[in-house]
Amino acid sequence: MSQKILSASRIKTFESCSWKYHCNYVLKIPSESNDGARRGNVCHAVLEYLLGKNRIEYVNRITEAGNIEAVESVARLVKKLLVKEGADVKENYKTCNKFIVTGLNQDFFGEGGIAQEPEIEFLIKGKNPEYQIRGYIDKAIRYDKENSLKIVDYKSSKVKFKGQELTANIQAMTYSLAAKKLWPELKKVLVEFVFLKYPRKPLQQIQFSKEQLDGFEYMLSSVYEKMNAFTEEDAHSNYASDKPEPKDGSFGGCLECGRGSRYKGQLKKDGTLVWHCSYKYDFEYYALVDKNGKVLKSDLKESNLEPKKGCKIIKKYYAGCPAHNAFQNKQADAFESFKSEESARDDFDF
């Protein structure tokens, strides 16, 4: 059996909830995307496109106007990508416009440095301690004079990082470790998160010491070993719902279940869906399976799956998170017990 290679997102999922990890990476059950994620995908793609050669004129025109419509081809690209993502173009176009302008206003090409090719792929194979981790660096700017590197990552999320989300950020640590392996001569590696929702103060920066990165490698080795020995029994060992809410204000623990969502399809006052973990409630989906029944790919829409020779597309059912189902069952049992007691009570028995 081939070894499972780590990634920042895989580690984060593994650490946050064993059931979510099992659904996503073992059973390969699709998760429902939302407009926030779709906008993020569009903004990342456009900012990567604008980082290419001979695009500085485009960037200047957009930043001067404060609007992507200063470059017609970029505006068209945003609309095209929104359609491809299955997002509401009219509602999301304005937001993407603002987000992209914010990204371009943050020293986009790195004054005094040299922007490297976007999407730098890396695969680190640690031997002592043993681990393997893969990923992509969205944007890196090399400053030869200071012998340093700034890694830029764009975030379209609603809130900035708090507490350990920033100080022990797995993604930032992975980037820093990769940079040290790719460019061992570097004296300094800085990771900069650009939160596109906040045009006035979008930046959060972090830098790690050699000792911190050495410790991170041992953490990777431990997770690598556990992940490659993961069983179905382990899927029930570390539910997010059983964890307390973080005291440092970060997002984690039971919050990752979507505590505000009490039932499937619950809506806010404005008519939008109350957020919850994609695997909290039951749903149907489609899977492309081979002749042995192994799931090769899955999606919520059958039309998004391409048939392959020797494979077939089947409809499947996901029953929902066991931890949440157990909680609902306890509530239902308590209610039934209450009804039984009420029906058996004498109306005049005070």
How far apart are the closest heavy atoms of L186 and R142, and which atoms are they?
CD2-NE, 3.6 Å
Pair K188-Y143, side-chain donor/acceptor within less than 3.5 Å:
no
Before accepting this row, confirm whether a basic side-chain N of the pair K315/E284 lies closer than 4.0 Å to the acidic partner's carboxylate O.
yes
Hydrophobic clusters join Ile, Leu, Val, Met, Phe, Trp and Tyr when side-chain heavy atoms are under 4.5 Å apart, directly or via other members; which others share one with L273?
L267
Got more than 12 heavy atoms from elsewhere within 6.0 Å of NZ, K127?
no
Would a single hydrophobic cluster contain both L104 and I56, if residues Ile, Leu, Val, Met, Phe, Trp and Tyr are joined by side-chain heavy-atom contacts under 4.5 Å?
yes
Checking one residue: L255. Which other hydrophobic residues are in its cluster under the side-chain 4.5 Å linking rule?
F251, W275
Flag for N92-T95: side-chain donor and acceptor within less than 3.5 Å
no
Taking the six-membered ring for Trp and the single ring otherwise, decide whether the centroids of Y263 and Y281 are under 6.0 Å apart.
no
Side-chain hydrophobic cluster, 4.5 Å single linkage: members besides I314
V289, V295
Heavy-atom count around K180 NZ within 6.0 Å, excluding the residue itself: above 12?
yes
Yes or no on side-chain contact (heavy atoms from CB on, under 4.5 Å) for Y25 and K4, after CA distance, side-chain angles and deciding distance?
CA-CA 10 Å; Y25 294 102; K4 295 178 177 65; over 6 Å; no
Hey, could you give me each pair passing salt bridge (Lys or Arg N to Asp or Glu O under 4.0 Å) that has a residue in residues 249-260? Not counting sequence neighbours.
E245-R259
Assess the pair F208 and F216: is the distance between their ring centroids shorter than 6.0 Å?
no
Examine the side chains of E69 and Y93 and answer whether a donor and an acceptor come within less than 3.5 Å of each other.
yes
Other than Y239, what residues sit in its cluster of Ile, Leu, Val, Met, Phe, Trp and Tyr side chains whose heavy atoms are under 4.5 Å apart, directly or through others?
W19, L27, I29, Y279, F283, Y285, L300, Y318
What do you reckon, is CD of Q164 surrounded by more than 12 foreign heavy atoms closer than 6.0 Å?
no
What do the steps show when you test T174 against F122 for side-chain contact (heavy atoms from CB on, under 4.5 Å), and what is the final call?
CA-CA 10 Å; T174 302; F122 61 84; 3.7 Å; yes
Given T102 and N105, is the side-chain hydrogen bond (donor to acceptor under 3.5 Å, both in side chains) satisfied, shown in steps?
CA-CA 5 Å; T102 296; N105 278 325; 5.9 Å; no
4.5 Å side-chain heavy-atom contact, R134 and E121
yes
Please check if atom CG in N54 has more than 12 non-hydrogen atoms from other residues, nucleotides or ligands closer than 6.0 Å.
no
Under 3.5 Å, side-chain donor or acceptor atoms of residues 217-224 against the rest of the protein: list the pairs with distances, not counting sequence neighbours.
{"from": "E217", "atom 1": "OE1", "to": "Y131", "atom 2": "OH", "distance (Å)": "2.5"}
{"from": "S221", "atom 1": "OG", "to": "E130", "atom 2": "O", "distance (Å)": "3.1"}
{"from": "Y224", "atom 1": "OH", "to": "Q132", "atom 2": "NE2", "distance (Å)": "3.2"}

State, with a plain yes or no, whether a side-chain heavy atom of N238 is found less than 4.5 Å away from one of K243.
yes
Would a hydrophobic clustering, with Ile, Leu, Val, Met, Phe, Trp and Tyr connected at side-chain separations under 4.5 Å, put Y154 with I137?
no
Any non-hydrogen side-chain atom of Q204 less than 4.5 Å from a side-chain atom of K155?
no
Is the shortest side-chain N to carboxylate O distance from R38 to E91 below 4.0 Å?
no
